[in-house]
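Worksheet for the structure shown next.
Order of listing sets the numbers, starting from 1, for every ligand and every atom in it. Just so it is clear, the values below take in all heavy atoms, side chains as well, and ignore hydrogens, waters and symmetry mates.
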Amino acid sequence: MATVRLSTLKKVFGTNAPAVDVDELKIENGEFLTLLGPSGCGKSTLLRMLAGLETPTSGRIMFDERIVNELDPAERNIAMVFQNYALYPHMTVAENVGYPLKKRGVPKDERTARIAEIAALLKIDMLLDRKPRQLSGGQQQRVALGRAMIRNPAVYLFDEPLSNLDAALRSYMRNELIRLHAKLRGTMVFVTHDQVEAMTMSTRIAVMEAGCIQQLATPDEIYERPATKFVAGFVGTPAMNFIEAEVVPDGATARIKAGDFTLDVTQPDGMTAPLQGPLTLGIRPEHILLGQGTDKAEITVVESLGNEQIITIDTGRRELVLRSTSGEKHRIGEHVTYALRPDRLHFFAADTGRRIGPN
Ligand SMILES: Nc1ncnc2c1ncn2[C@@H]1O[C@H](COP(=O)(O)OP(=O)(O)OP(=O)(O)O)[C@@H](O)[C@H]1O
Ligand SMILES: [Mg+2]
């Protein structure tokens, strides 16, 4: 297994803005790192540069102490699993899994033993004689994984490998991958635009926008202390509510004015700057409390999910989305009061979108 290090890595296609522009990224040995971001943000391009399928415009890629920029994909000892896992249809499961070893001229006995080992690990040992068309989507995915694993690669690269599967199977495969990573302790780089996949599987997440990494941190850190408004809005469902506000500092207190309501907050500890001027206030749906405080609103949308309700309220000035898990069944048209939890506010600079606190 390898440590992967990128420095000042750039990929520019034609005259467009850079598809990837990463100053520094170190993926630790044995880490499960996810590249998360919207369509077109450069995730696949970055992964393909790691694989050697795309040549960087500038910058350096290192596996451990070795610069791999000039190495062919075959020389990098990586295993790649794509969304369309492209099994060979005319080969059996065993032949598919063992193919990378056969290509390298590994003797048959050794191959068979290794196939059996991998198949047992992935629980496909009873499928070894079948052809891919006789398998379910999840089984095919596991065969593709087996084919990737059989060579003991230095780095695993996954590009949205679960996005073709239905919801139940996706959740099952997420689980399998978590288990597999715990067992193999491989260095894994996983690309997805699905935040649930990113949050549940990763040791760390790199959130990307327009080719750049906006934040690199653990899933909890990303959720609790998003570094930018973009990250805050991208991670979390329903998305964080944003309110444009004006701050009037007053000693240890800052009075936040947002049109229809005024909020007095103590200057939180660990702010990078005093709360002042225009800013964006962020609050997650689960931190808006229904039936509390004195601010009034009307319920305009109710989405019932069985165990919880996602509720949109109209405060007269704006709409806010909140999550109610109280079990009480709310209805459209209901008049309610609400309160924002003061200890769960996020503040972002109005101009740059950078987090200004609390830390
Ligand atoms: N071969 C290419 N030639 C020109 N532009 C490209 C090429 N490959 C990718 N791009 C552009 O680079 C940007 C990043 O593309 P990339 O495929 O890395 O995005 P992505 O984050 O993987 O998106 P998705 O989630 O849709 O797969 C996009 O604007 C894309 O149009
Ligand atoms: Mg992609």
Side-chain angles (χ1 to χ4, degrees), residues 4-25 27 31-61 68-70 72-73 76 78-86 137 140-141 144-145 148 155-167 169-171 173-174 177 187-202 204-217 219 222 226-237 239 353:
V4 178
R5 233 169 302 180
L6 314 180
S7 43
T8 58
L9 189 69
K10 224 179 216 190
K11 178 70 186 182
V12 183
F13 292 107
T15 55
N16 298 326
V20 171
D21 189 355
V22 171
D23 278 347
E24 199 71 57
L25 174 63
I27 305 166
E31 180 166 29
F32 194 120
L33 183 109
T34 299
L35 303 174
L36 173 70
S39 186
C41 72
K43 307 178 295 292
S44 296
T45 306
L46 178 48
L47 202 72
R48 289 169 57 80
M49 285 195 281
L50 293 181
L53 300 170
E54 203 78 76
T55 312
T57 307
S58 59
R60 202 167 62 177
I61 303 172
V68 299
N69 284 46
E70 302 301 323
D72 285 340
R76 293 191 187 193
I78 42 115
M80 209 160 164
V81 183
F82 298 96
Q83 178 178 342
N84 53 347
Y85 18 86
Q140 289 183 32
Q141 191 57 274
L145 263 175
V155 183
Y156 290 90
L157 304 174
F158 298 99
D159 195 347
E160 313 230 15
L162 310 184
S163 57
N164 274 353
L165 308 177
D166 67 41
L169 199 50
R170 235 187 1 240
S171 143
M173 285 304 296
R174 269 206 311 270
L177 276 176
T187 306
M188 301 187 173
V189 187
F190 189 94
V191 160
T192 185
H193 58 262
D194 182 328
Q195 48 163 311
V196 176
E197 286 178 9
M199 292 295 287
T200 51
M201 297 195 290
S202 321
R204 286 188 304 165
I205 302 174
V207 183
M208 294 181 67
E209 189 205 15
C212 301
I213 295 178
Q214 292 245 336
Q215 186 172 11
L216 172 66
I222 298 250
T228 63
K229 187 181 166 195
F230 174 82
V231 173
F234 192 76
V235 176
T237 352

Near [X], which atoms of ligand 1 are under 4.0 Å from a heavy atom of that residue?
| X | value |
| --- | --- |
| C41 | 19 (O), 21 (O) |
| A19 | 12 (O), 13 (C) |
| E160 | 25 (O) |

In terms of the angle between their ring planes, are F190 and F158 parallel, tilted or perpendicular, with boundaries placed at 30° and 60°? tilted
Test: R204 and E31 ion pair at under 4.0 Å: yes
With atom 25 (O) of ligand 1 as the reference point, say which of K11, K43, H193 has the nearest heavy atom. K43
Using a plain distance cutoff, I'd like to know if [X] has any nitrogen or oxygen under 3.5 Å from a nitrogen or oxygen of ligand 1.
| X | result |
| --- | --- |
| T45 | yes |
| G40 | yes |
| G42 | yes |

Would you call E54 and F13 a side-chain contact if the rule is heavy atoms closer than 4.5 Å? yes
Applying a strict 4.0 Å limit to heavy atoms, is M208 in contact with ligand 1? no
Does ligand 1 have an atom under 4.0 Å from some heavy atom of G37? no
Checking contacts now, so for atom 30 (C) of ligand 1, which I'm interested in, is there any protein heavy atom under 4.0 Å? no
Shortest protein heavy-atom distance from atom 26 (O) of ligand 1, along with the residue and atom involved: S39 OG, 2.5 Å
